[in-house]
Amino acid sequence: MQDMLEPENLFDPRNFDSVRRRFDVAETLPAWCYTSKKFYERERDRIFFKFWNCIGHQSRLPDVGSYISFNFCGVPLIVVRGQDREIRAFINSCPHRGSEIMEGEGTCRVMKCPYHAWAFELDGKLMATPLFEESATFKMADHGLKQIKLDLWAGMMWINLDLDAQDLKSYLGDLPERTKLWAADDMVCVSRREYPVAANWKLYLENFSDGYHVPFVHQHTLNFKKVAKRDFHDPSIHLGNYLMHYTYFDGTRGVREHQKKLPELDLPPELKVGTFFPVVHANTMMSFAIDMVSATEVYPDGPEKCTLVTSNLVPKSTADLPDFKEIFAQYMANGDVVRNEDVIAAQRQQKGLSSRFNGRGCFTPQDKLVHDYNLWILDRVIGNAAP
Ligand code: FES
Ligand SMILES: [Fe+2]
């Protein structure tokens with residue numbers, strides 16, 4: 001039973017030897033990787049603080065001065081649209097004595113700290129320090145907000161807390177090219193919804209790349225569309241920081257046969273034979289379907305909790321249809337049922353893995369991508385692989 005408990009030498013590579021075997025004889029990650037605070041903190045530092053993370057569609061910031069503030073793995077952040085209409089991200093902590101500056105979301109002319117009223121321009125420069133003057137030892141220019149990397153792709157905002165990280169375009173590799181015919185950059189975001197999950201963040205991401213559960217967990221929902229086959233990620237073909245699968249089926253899985261459908265996108269026939277599902281490391285699960293593009297962000301919150309946030313994108317011509325709201329409401333209703341099935345599955349798995357008496361699991365050919373994903377995580381958390 002010793003192996004079931006979180007060991008003292010958590011990060012000793014020998015703890016993971018059996019995970020690193022060929023997938024048909026490999027074991028799953030030890031259960032404590034889904035419950036350990038220490039393991040979670042190492043994932044946070046080496047994965048979420050090093051890789052690019054999606055934080056939603058750029059339309060969240062429609063105007064000059066639009067801002068959002070939120071917590072990312074324990075780091076308070078502000079994202080704001082500047083006078084030049086550029087979107088920038090900053091650490092939401094005052095350079096004076098550390099207070100959080102902005103709360104919630106909205107529109108502002110300047111960002112003003114509530115503690116001693118230091119004010120910052122929308123590009124982060126310090127512009128006012130009430131009752132305190134510049135001097136030989138204090139220059140305003142040295143005390144702006146700490147900026148982090150932010151870039152756009154597929155209309156979505158992506159941030160990176162590592163100032164030395166490679167730029168987003170090279171990080172994504174061939175993904176923008178593979179998906180360019182969906183023209184997601186020109187789409188509009190028609191929904192953004194949050195879902196709390198009482199499970200480790202990895203469980204939901206693993207589930208995303210696991211086709212094995214679909215006939216069972218989604219027996220009465222997704223399974224109405226028979227899957228002809230799945231293509232699995234091949235790192236020699238798929239170049240970039242993502243893990244993908246392509247699921248082949250006819251038509252859309254968004255609604256049932258008798259329900260009204262959104263128009264199909266303007267895609268060549270070879271891209272209309274199913275859905276392309278990339279997991280973009282670290283926090284984003286995307287789907288490129290025949291009628292929409294979706295992105296689900298995962299926000300870990302300690303080892304046993306996370307929040308999912310899903311955005312759906314369609315062409316403006318689709319969103320402008322007179323009956324769009326009615327049709328899309330059905331997509332959302334169906335999507336929520338499927339989502340809930342996956343959330344329940346992840347929460348059940350978390351409960352089982354939390355038992356201490358749980359042994360190490362195994363993989364089948366149909367959940368082989370979960371093994372690939374676990375190896376990716378081990379390379380970052382235990383090994384020294386660079387992003
Ligand atoms: S902590 Fe922000 S102005 Fe003092
Ligand atoms: Fe699922």
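Counting starts at 1 for both ligands and their atoms, in listed order.
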**Message:** Taking side chain to side chain contact (heavy atoms under 4.5 Å, CB included) as the definition, give me every residue that meets it alongside Ala26, ordered by chain and number, with sequence neighbours left out.
**Reply:**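 With neighbours one apart ignored, the set is Arg21, Phe363, His371.
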**Asp342 side chain to His218 side chain, donor-acceptor N/O pair below 3.5 angstrom** =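 Note: Asp342 and His218 side chains meet the donor-acceptor criterion.
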**Prompt:** For Phe39, which of Arg42, Glu43, Glu41, Lys37 qualifies under side chain to side chain contact (heavy atoms under 4.5 Å, CB included)?
**Reply:**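 Going through the options one by one, the only one that passes is Glu43.
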**Request:** Please find out if less than 6.0 Å separates the ring center of Phe120 from that of Phe90.
**Result:**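 No, the ring centres sit 6.0 Å or more apart.
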**Request:** Compute the ring centroids of Phe51 and Trp376, then answer whether they are less than 6.0 Å apart.
**Result:**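 Ring centres of Trp376 and Phe51 closer than 6.0 Å.
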**Request:** Show the numbers, then the answer: is there a salt bridge (charged side-chain N to carboxylate O under 4.0 Å, His left out) between Lys180 and Glu177?
**Result:** CA-CA 5 Å; Lys180 76 169 185 224; Glu177 183 63 25; 2.8 Å; yes
**Request:** Please report how many protein N/O/S atoms lie under 2.8 Å from the Fe ion (ligand 2).
**Result:**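 Near the Fe ion (ligand 2), the number of protein N, O or S atoms below 2.8 Å is 4.
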**Request:** For atom 4 (Fe) of ligand 1, check which protein N, O or S atoms are under 2.8 Å away and list them.
**Result:**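 Correct list: His96 ND1, His116 ND1.
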**Request:** Check whether any side-chain heavy atom of Thr318 lies under 4.5 Å from a side-chain heavy atom of Asp291, and answer yes or no.
**Result:**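 The answer is no, as the side chains (C-beta and beyond) never meet within the 4.5 Å cut-off.
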**Request:** Tell me, please, which residues at least two apart from Asp186 pass side-chain hydrogen bond (donor to acceptor under 3.5 Å, both in side chains).
**Result:**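 If we apply the side-chain hydrogen bond (donor to acceptor under 3.5 Å, both in side chains) test to Asp186, skipping adjacent residues, there are no hits.
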**Asked** Salt-bridged, Arg20 to Asp379, with N to O below 4.0 Å?
**Response**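 Salt bridge between Arg20 and Asp379, a charged N being under 4.0 Å from a carboxylate O: yes.
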